[in-house]
**Student:** 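One structure, pasted below without further comment.
By convention in this document, chain letters (A, B, ...) are assigned in the order of the sequence lines, proteins followed by strands, and residues within each chain are numbered from 1. Keep in mind that the numbers below use all heavy atoms, side chains included, and drop hydrogens, waters and symmetry copies.
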Amino acid sequence: MTDFSFDKEISLAIAAEAGQGVDTITQVIAQTVKKSGYRVFYTLEYMSRIKGGCNSSTIRISSDRVCAYREKVDFAFVISKDALNHLSKRVSEDTIVVDLYSTAKDFGGSAYANTLVSGIIAGVLNIDIGLLQENLRKVFSTKGDEIIEKNMQASSKGYEMGKNLVQEKNLSVLIEKNDLAKEILISGNDAVALGCIAGGVDFISSYPMSPSTGILTFLAKHSDDFNILVEQAEDEIAAINMGLGACYAGARAMTSTSGGGFALMTEAVSLAGMTETPMVIYLGQRPGPATGLPTRTEQGDLNMVLYAGHGDFPRIVLTPGNLEDAFYLAQRAFNFADKFQVPVFILSDQYFADSCYHIEPFDVEKVENIDYIEKTTADYKRYALTANGISPRGIPDFGDGLVVVDSDEHDEQGHITEDLDLRIRMVNKRMSKSELIKEESIPPDFFGETGAKFLVVGWGSTCNIIKEALNEINNPDIAFLYFKQTYPINKNVLEQFKNRKKIICIENNYTGQFANLLKLELDISVDEKILKYNGMPFSVEELALKINEVIK
Amino acid sequence: MNYDMENTDIAWCQGCGDFSVLKILKETLAELRITPEELVICSGIGQAAKTPHYLNCNVYNGLHGRALPPATAIKAMNPRLTVIAISGDGDMYGEGGNHFVSTMRRNPDITNIVNNNMVYALTKGQASPTTQKSFVTPVQTAGVSSEPFNPIATAIAQDASFVARAFCGDIEQSKEILKKAIEHKGYALVDMFQHCVTFNKINTFKWFRENTYYLEDSHDPHDRIKAFEKAIETAGGKLPLGIFYINENKTVFEETAANKRITALDTLKRRTGRNEKLKELIKAYL
């Protein structure tokens with residue numbers, strides 16, 4: 001008999017002050033663990049400050065594929081004064097608390113506490129210390145020999161502590177290893193950004209705002225390799241208006257923002273609708289209203305992207321909930337935008353952007369970009385009335401024609417008009433694209449038995465959490481429908497809602513914005529809503545509990 | 001070069017200064033031999049912002065106050081284009097004030113014409129940022145109390161690369177100023193005094209004629225301090241016209257260290273042929 005037995009899974013939490021590098025060491029640990037053949041998932045939560053306070057990461061190391069947040073903590077690594085208090089709700093008598101704060105002085109100061117943590121984990125999991133040290137060297141490569149050496153020492157010391165811990169606590173860890181060498185370990189943020197590159201983005205202008213800034217910095221870092229013009233705009237209004245100008249000139253442009261920043265962009269969304277300019281808008285959601293909780297997560301901006309902008313015009317809302325969708329939907333976003341000449345939203349959130357696990361690499365050969373830009377002739381008309389509402393899109397200096405776009409109602413040429421009959425034809429033309437878009441709307445993914453009595457509905461970042469919660473419940477009477485495109489909704493989806501005893505909608509917001517959209521668009525009434533709006537994602541445990549409650 | 005449009009119903013009042021600006025613009029472009037196909041005119045909203053609709057060229061008529069951000073991006077995406085942003089004083093200096101200052105800082109190679117009639121005309125006579133003090137309007141019923149915005153001084157303070165003021169009543173002089181602005185490599189501001197025949201009965205054609213004078217030939221536009229002195233000059237109550245300030249030693253936005261190589265590529269080729277590099281980047285996550 002062992003005192004602590006970790007069969008199949010071990011879950012770690014690391015808590016420290018902002019600025020102490022929890023995110024960096026978490027990445028190093030996850031990379032090392034994955035390279036050793038252990039399946040791994042991590043997510044970050046942090047405060048809106050540069051130093052102090054308390055931030056934490058959760059790392060799950062498992063025999064199974066895991067890609068969702070759990071509350072349970074087997075090992076709590078405490079690196080700052082408030083860290084234990086910060087994790088108190090998640091710490092139980094079964095949690096091993098490793099307090100590195102009060103003993104930090106013994107091993108060269110708190111700066112090395114993170115590295116100790118990584119050593120301890122390597123020791124407990126019996127991971128090759130050389131592999132860990134190689135990863136540490138990479139991270140600290142620019143910090144000078146002395147700091148590298150101290151980190152090497154700290155990792156060795158941690159490794160020893162880990163081994164001692166196994167002895168002292170009589171630990172047994174039984175986690176299966178797999179060949180993960182061909183899988184990529186990546187965050188939601190980076191998966192979206194890579195998808196944007198795959199989709200051909202060559203212009204981004206944004207104003208920095210958590211939790212969307214990661215897209216801007218990622219594209220800036222790789223701008224030279226992929227010929228992407230990156231500009232930090234003076235405000236969100238300039239950001240999106242620059243993007244629209246870039247598209248007019250022939251770019252595949254995007255902007256990245258969060259709810260408050262997007263609020264400033266709404267007039268230009270309407271302009272994109274009127275001028276039929278393709279535009280991709282990445283919105284990383286955080287809790288509102290107003291400044292809300294700047295570094296936390298929520299799904300509270302669906303309504304805003306659905307209705308942003310005055311007047312009637314079509315739009316597309318994509319809501320990736322797993323890493324594959326993050327990449328492939330971001331790529332498609334640019335093609336949707338170009339094909340239909342409409343604004344396309346990629347709606348994400350802090351939890352999704354900051355969560356990381358490993359998957360098969362994205363297949364670049366599988367994706368296709370179609371350039372819909374046409375060479376103009378001398379008689380070119382930007383808004384030619386066509387049978388399907390889509391006018392061939394020309395750009396200046398490509399062909400013999402002139403390209404005229406106007407935010408006023410315009411004639412086929414693009415010039416301002418107050419001809420009210422023409423107005424009707426132009427509105428009809430723009431809105432007729434809605435039907436085409438609906439035909440290509442991506443259907444939701446269905447998981448479970450066709451005839452299941454209960455149907456759980458979710459969209460975006462809750463996908464993996466719901467899936468694991470349902471796995472845990474293991475009840476064939478419950479099926480799950482995950483929407484990766486929330487607008488427009490694929491019409492065939494109606495069938496999925498038929499003959500269910502209860503429809504349960506799960507959302508990270510107060511009102512159930514998607515449940516309300518289902519009612520509005522498809523006249524589907526949701527029976528139960530499971531909602532959370534404290535700024536944190538759902539955990540697998542709490543969802544399993546709540547789903548079980550509502551199906552009683 | 002034929003910039004004339006056929007069958008156009010021009011929405012300006014009879015005698016509006018905008019007609020003169022249109023004439024100045026057309027003749028300048030023709031004399032510079034810029035073809036309609038290689039020209040993009042961006043504008044915001046207002047009577048002046050309708051200008052590109054009366055000119056045969058590529059047009060981007062966007063939102064109120066937002067002509068400069070798309071103009072900047074269009075020039076960056078295709079530096080072969082000549083890009084002009086034209087709107088009124090309310091649009092450029094009021095609604096778009098942040099873009100006005102930020103565009104000077106960015107310094108794209110575009111020309112910014114601001115038809116400045118010191119009043120909001122399309123919304124029927126309210127104060128604009130450049131309306132002079134005590135001017136009575138249906139909103140500012142006791143007269144304007146805010147200090148008028150000084151675009152010339154602001155631009156020189158911000159070291160904008162070309163700063164000029166013209167008066168649309170002087171066709172030949174304005175053409176010369178505009179020609180130099182378009183030929184200048186970098187952001188070029190032309191604050192264009194323009195009379196409003198309907199809503200500004202104070203700053204009339206006659207008033208502009210009587211209250212302006214041209215900078216002396218001895219004025220050195222490379223002397224920033226002198227330029228600033230001229231920009232804030234109030235002695236005698238007359239406002240100077242001409243080229244106040246030029247700074248040729250500024251890098252244009254399209255040619256910054258980060259942008260130069262990218263903007264030089266063909267517009268439609270920047271995003272092609274990136275699969276191998278993308279595969280490599282994905283591999284880095286293994």
**Student:** Given 3.5 Å as the limit, does a donor-acceptor pair link the side chain of B/R270 with the main chain of A/I228, or not?
**Tutor:** no

**Student:** Need one label for A/I373: side chain, backbone, both or neither, based on atoms under 4.5 Å from any heavy atom in chain B.
**Tutor:**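 It is the side chain, since no backbone atom gets that close.
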
**Student:** Given heavy-atom pairs under 4.5 angstrom as the criterion, report whether the side chain, backbone, both or neither of A/D400 touches chain B.
**Tutor:**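 Interface part for A/D400: backbone (N, CA, C, O).
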
**Student:** Sort out for me which of A/K182, A/H222, A/M274, A/Q31 touches chain B most, counting heavy-atom pairs under 4.5 Å.
**Tutor:** A/H222

**Student:** So if I take each residue of residues 276-286 of chain B and look for any heavy atom under 4.5 Å from a heavy atom in chain A, which residues do I end up with?
**Tutor:** B/E276, B/K277, B/L278, B/K279, B/L281, B/I282, B/Y285, B/L286

**Student:** Can you give the donor-acceptor pairs under 3.5 Å from side chains of residues 59-66 of chain B to other protein atoms, not counting sequence neighbours?
**Tutor:**
residue : atom : partner : partner atom : Å
B/N61   : OD1  : B/H53   : NE2          : 2.9
B/N61   : ND2  : B/S43   : OG           : 3.1
B/N61   : ND2  : B/G44   : O            : 2.6
B/H64   : ND1  : B/I45   : O            : 3.2
B/H64   : ND1  : B/D91   : OD2          : 3.1
B/R66   : NE   : B/H64   : O            : 3.4
B/R66   : NH1  : B/E95   : O            : 3.2
B/R66   : NH1  : B/H99   : NE2          : 2.9

**Student:** Counting only non-hydrogen atoms closer than 4.5 Å, does A/D371 touch chain B with its backbone (N, CA, C, O), its side chain (CB onward), both, or neither?
**Tutor:** side chain

**Student:** Pick one of side chain, backbone, both or neither for B/E37, based on which atoms fall under 4.5 Å of a heavy atom in chain A.
**Tutor:** both

**Student:** So which part of A/A198 gets closer than 4.5 Å to some heavy atom of chain B, the side chain, the backbone, both or neither?
**Tutor:**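 Its backbone and side chain both get close to chain B.
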
**Student:** Could you look at B/T35 and say if it's the side chain, the backbone, both or neither that has a heavy atom under 4.5 Å from chain A?
**Tutor:**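 Neither part.
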
**Student:** Ion pair present between A/D202 and B/R271, side-chain N to carboxylate O less than 4.0 angstrom?
**Tutor:** yes

**Student:** Need one label for A/K34: side chain, backbone, both or neither, based on atoms under 4.5 Å from any heavy atom in chain B.
**Tutor:** side chain

**Student:** For A/Y328, what residues pass the ring pair (Phe, Tyr, Trp, His ring centres under 6.0 Å) criterion, not counting sequence neighbours?
**Tutor:**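 A/Y328 satisfies ring pair (Phe, Tyr, Trp, His ring centres under 6.0 Å) with no other residue.
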
**Student:** Which residues in residues 68-86 of chain B have a heavy atom less than 4.5 Å from any heavy atom of chain A?
**Tutor:** B/P69, B/P70, B/A73, B/I74, B/A76, B/M77, B/N78, B/R80, B/L81

**Student:** Please classify the contact between B/N56 and chain A as side chain, backbone, both or neither, with a heavy-atom cut-off of under 4.5 Å.
**Tutor:** both

**Student:** Given heavy-atom pairs under 4.5 angstrom as the criterion, report whether the side chain, backbone, both or neither of A/E231 touches chain B.
**Tutor:** side chain

**Student:** Let's test your reading of the structure: which of B/P36, B/C57, B/A258 forms the most heavy-atom pairs below 4.5 Å with chain A?
**Tutor:** B/C57

**Student:** Decide, yes or no, whether a salt bridge links B/R105 with A/E234 under the criterion of side-chain N to carboxylate O below 4.0 Å.
**Tutor:** no

**Student:** Go through B/E38, B/K269, B/M5, B/K50 and name the one with the most non-hydrogen pairs under 4.5 angstrom from chain A.
**Tutor:**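 Heavy-atom pair counts peak at B/M5.
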
